[in-house]
Number of protein chains: 2
Amino acid sequence: MKKVTILDIAKELNITFSTVARALNDHPAISKSTKEAVKKTAEKLGYSKNKIASSLRSGKSNIIGVLVPSLDVSFFSSVVHGIESIMNQHGYSILLYQSQESYKKEDKGIETLLNSRVDGIITSFAIDREDSTIFEEIISKNIPLTFFDRALYQLNAPSVTIDDYKGGYMATEHLIQSGYKKIVHITETRDLSIFKERLKGYLDALKAYNIPVNEDLILKGNLSLNFGKDCVKELTSRGIDFDAIFTLEDFTAMGVIQQLKSQQIRIPEEVGVIGFANEAFGSLVTPSLSTIDQQTHLMGQETAQLFLTMLKEGSFYKMAPQRIKLDPLLIVRESSKGPQL
Amino acid sequence: MKKVTILDIAKELNITFSTVARALNDHPAISKSTKEAVKKTAEKLGYSKNKIASSLRSGKSNIIGVLVPSLDVSFFSSVVHGIESIMNQHGYSILLYQSQESYKKEDKGIETLLNSRVDGIITSFAIDREDSTIFEEIISKNIPLTFFDRALYQLNAPSVTIDDYKGGYMATEHLIQSGYKKIVHITETRDLSIFKERLKGYLDALKAYNIPVNEDLILKGNLSLNFGKDCVKELTSRGIDFDAIFTLEDFTAMGVIQQLKSQQIRIPEEVGVIGFANEAFGSLVTPSLSTIDQQTHLMGQETAQLFLTMLKEGSFYKMAPQRIKLDPLLIVRESSKGPQL
DNA sequence: ATGAAAGCGCTAACAT
DNA sequence: ATGTTAGCGCTTTCAT
């Protein structure tokens, strides 16, 4: 089965290949009858348009690069799900790259995407990235770039994130309003602004309700289920007085819950717990886990939409970039129902 | 910033562009000194190789299409994670498509992938697919095709699946060996061989242990958490005698657990439960859910590896295709610890 | 409404 | 070790 080109169709119909090309692209100047004839023989011969050739000539690939830390993290796979669905509807394909949270792999990925002449890049960058020059290069080449979830605000690129500050504030306020007073926050050692924002929200909520900040109640480490367990162990062994825990994300919260249960500390009567991210397991565990939803589906859609808008504009980085901040959603479940009166 | 081509580098160095091309591709016949000079000026001028042009000329895109139902299902995103990682290490990029379990979108996806001249396709096809002609076309065009999880065995294409029969057998045998005797199986109405295999495993395990099959204990529907709840309601309202439930996947099992708990039926003392898929929440719920692990990471790796082997062969569909069946893993947790003595 | 011709940026066969 | 040359299969401008 040798490959069929527009030339083969042209020969079959005794017209030139440029007429065929126009017919296949629904060019207005081509008569209805030739269009039909062309499409029929294309079908008959099993013609498949060579997008590589047309991309080379036209300078547009209709492919956009999506670069994320890892599809093994449900947050990212969920957003990518949304991005692919929307872009697909608009005739774009997704070239996928995972950085595995390593900026070196990310740099390599960006190079490959650029070599592939993607029409633009959508990304949430690696946790260990320290300088933004590679993204500046993309911008200076006038290639559309859109961030989601993790954004570099010093750059002139649009972004879709959730309001992590607000999320942190909401979680903390909810605990306070439920009657908790000595609220622990577990955060990250690694320097990522989204975690700092959540911490800020925590601090401001305490302030707003006139609760003094106690440094003993702010624990730092590397997020994981086991870290959550360790935090509870440390708090109890050091005899620190607390009645609620707000963790930077759900897996850590899960560790907290498991350890509290194993030490026979009742949730939510003795200690309230709230996480962040609304992982699938939160509604299924006992007690079910209160959390902050990050609206992953909405984020995927908004990101794709924002990117498409940018593409249409033509001259990308001229105006101030649009920065969409999605509202986090408070999901109240059993784990934060309030202390025993 | 206009684009830099090998011609620009050639002019800069007063050599021909074909020497430049060879230097950049580390052609053995090029002297070390020119290679260095070329690479230095390439860097200096900000050259970025146009993969589209080289693909057009060479007939190889170094891109493979990955077509899955949805990244919102953790099983698939996990396997795609593995596939991307491995292919990436071997210099391939992934063009991603989601069928959303619709064979129509899948057909469109395949067409786009073929138009994009991918070097091959890796897929787990849509649940509603009824005929295999589109895959036969791919094969007849001699384009490498590899299935994972859901395979069409009548086709001459390699596949990586887990042994669903064995998984069904293991789950059932485990319940029997734990002391359960009246074992329900919840399965799918829709016609997908993986579910039928699990059912077969269930039936054969019963047979092997001389337990008569009771049709009342085999329930069919569309998998979901709520369906699991409904099944328990139906079983109890109809007064059917049962002491264990094996569900076709974990979300349904979760529904079963929630409904049993809400009816004050104790797990595992009164009713044992085992699911299938080893979703993330299984270890976190109470009681923790016994299940069958599908080895998603291994599946991703094996699929990528099998595909790469195929690529190397050159003439694809000549020999009998390799069909890798991975062993499922029995994960015993609290929900199937055995009935009260 | 259609044809002719140029060329996108590479690779690769064939020179020298 | 390097140069010459001919395309890959389209899109697009200019003619007719």
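Both backbone and side-chain heavy atoms feed into the values below; hydrogens, waters and symmetry mates do not. Lettering of chains follows the sequences in order, A, B, ..., and the numbering in each one begins at 1.
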Pick base, sugar-phosphate or nothing for [X], based on heavy-atom distances below 4.0 Å to the nucleic acid.
X	answer
B/Ser55	nothing
A/Leu7	nothing
B/Lys51	nothing
A/Ile52	nothing
B/Ser54	sugar-phosphate

Handout entry: Atom OH of B/Tyr103: over 12 foreign heavy atoms under 6.0 Å
Key =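 Counting neighbours around OH of B/Tyr103, 12 or fewer heavy atoms of other residues, nucleotides or ligands fall under 6.0 Å, so no.
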Handout entry: Heavy atoms from other residues, nucleotides or ligands near NZ of B/Lys60 exceed 12 (cutoff 6.0 Å)
Key = yes
Between [Y] and [X], is there a salt bridge with N-O shorter than 4.0 Å?
X	Y	answer
A/Arg129	A/Asp191	no
B/Asp128	B/Lys105	no
B/Arg150	B/Glu101	yes

Rounded off to whole Å, could you give me the [atom1]-to-[atom2] distance for the [X] and [N] pair?
X	N	atom1	atom2	result
B/Asn14	D/dG3	CG	C1'	14 Å
A/Asn50	D/dC8	CG	P	12 Å
B/Ile6	D/dT4	CD1	C1'	13 Å
A/Leu56	D/dG7	CG	C1'	12 Å
A/Phe17	D/dG9	CZ	P	12 Å

Problem - Proximity to DNA chain D (any heavy atom under 4.0 Å), residues of residues 19-29 of chain A only - result: A/Ala21, A/Arg22, A/Asn25
Handout entry: Phosphate contact (D/dC8 OP1 or OP2) by A/Thr5 side-chain N/O below 4.0 Å
Key = no
Practice task
Find out whether A/Phe135 and A/Leu145 are in side-chain contact, i.e. whether some heavy atom of one side chain is under 4.5 Å from a heavy atom of the other.
Solution key: yes
Fill in the blank from the handout: Of the candidates D/dG9, D/dT11, D/dG7, the side chain of A/Lys49 sits closest to D/dT11
Practice task
Would you grab the first and last nucleotide of DNA chain C (5' to 3') that comes under 4.0 Å of any non-hydrogen atom in chain B?
Solution key: C/dG9 to C/dA13
Exercise for the section: Return yes if the base of D/dT11 and the side-chain atoms of A/Ser58 contain a donor-acceptor N/O pair under 3.5 Å, otherwise no. Expected result: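 Such a pair does not exist between side chain and base.
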Handout entry: Residues in side-chain hydrogen bond (donor to acceptor under 3.5 Å, both in side chains) contact with A/Lys40, at least two apart in sequence or another chain
Key =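 For A/Lys40 there are no side-chain hydrogen bond (donor to acceptor under 3.5 Å, both in side chains) partners, ignoring immediate neighbours.
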Exercise for the section: Check the side chains of A/Ser78 and A/Thr296 for a donor-acceptor pair under 3.5 angstrom, ignoring hydrogens and angles. Expected result: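 Their side chains do contain a donor-acceptor pair, which is all the 3.5 Å distance test asks for.
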Exercise for the section: Would you please say whether a donor-acceptor pair under 3.5 Å links the side chains of A/Asn25 and A/Lys35? Expected result: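 Side-chain D/A pair, A/Asn25 to A/Lys35: absent.
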